[in-house]
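If you read the sequence from its start, that first residue is 1, and numbering goes on from there. What you see is a predicted model, and the numbers here were worked out from it, not measured in a lab.
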Amino acid sequence: MTKYRAEIQSVGELAQEFVDEGILVFFATTAPEELQDTAFVHSTTEKPASPVVVGDQVSINGTAFPVMAVGPVANENLANLGHLVLKFNGLKEAEMPGDINLPEQPVPRLGPGSVVEISGA
């Protein structure tokens, strides 16, 4: 079941700085411009079909990664702001309240037209 799907519209000037640290930051186009500068910006305004939980899959351009941890405000941020923080750190506990952790590995390349999808059982 697909819980959430977003297509990247633009890439903020500072987004690469986070990528270099193993982090992908996303915001919807409705977020304030200063936040969009740090992120991959998407036009999805729909709320997730259900909360993201450990064991779900995040697919980036068709490559799937298992969700290893979900911070306590990650689902609220996604629903309210289209804000998603994916950390490729392999940790089983979120360091920050808005984090969603994925396996430790190189961050996939993203650009306009890239698709991010979250699915679960």
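Nearest heavy-atom pair across K3 and V53 is NZ-CG2, 3.9 Å. Pairing each heavy atom of A94 with each of A69, the nearest pair is N-CB, 3.7 Å. The nearest pair of heavy atoms linking I23 to V25 is CG2-CG2, 3.8 Å.
Annotation: salt bridge (Lys or Arg N to Asp or Glu O under 4.0 Å) contacts involving residues 79-88, sequence neighbours excluded, comprise K87-E95, K87-D99. Sorted by first and then second residue, the pairs that involve residues 63-82 and meet ring-ring contact (aromatic ring centres under 6.0 Å, His included), not counting sequence neighbours, are F65-F88.
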Name the atoms and distances for all side-chain donor-acceptor pairs under 3.5 Å in residues 70-86, with sequence neighbours left out.
residue: N75; atom: OD1; partner: V52; partner atom: N; Å: 2.6
residue: N75; atom: ND2; partner: V52; partner atom: O; Å: 3.1
residue: N80; atom: ND2; partner: E76; partner atom: O; Å: 3.3
residue: H83; atom: ND1; partner: F26; partner atom: O; Å: 3.0

Throw together a table of side-chain donor-acceptor distances under 3.5 angstrom for residues 104-118, partners on residues two or more places apart or in other chains.
residue: S114; atom: OG; partner: N61; partner atom: ND2; Å: 3.3
residue: S114; atom: OG; partner: G111; partner atom: N; Å: 3.0
residue: S114; atom: OG; partner: G111; partner atom: O; Å: 3.0

Side chains of residues 10-21: which donor-acceptor partners sit under 3.5 Å, not counting sequence neighbours?
residue: Q16; atom: NE2; partner: D20; partner atom: OD1; Å: 2.8

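At distances below 3.5 Å, not a single donor-acceptor pair connects side-chain atoms of E7 with backbone N or O atoms of S43.
The line from CD of E34 to CZ of F27 is 9.5 Å long, rounded to the nearest 0.5 Å. Put simply, OG on S119 and CD on Q57 are 6.0 Å apart, with the number rounded to the nearest 0.5 Å. Between M68 atom CE and L91 atom CG the span is 7.5 Å, to the nearest 0.5 Å. L24 contributes atom CG, which lies 8.5 Å from atom CD1 of I8 (distance to the nearest 0.5 angstrom). Here the straight-line distance linking atom CD1 of I100 with atom CG of D56 works out to 8.5 Å at 0.5 Å rounding.
Take A6 and apply the side chain to side chain contact (heavy atoms under 4.5 Å, CB included) test, not counting sequence neighbours, and it matches Y4, H42, T44.
Using a 4.5 Å heavy-atom threshold, the side chains of V58 and V67 count as touching.
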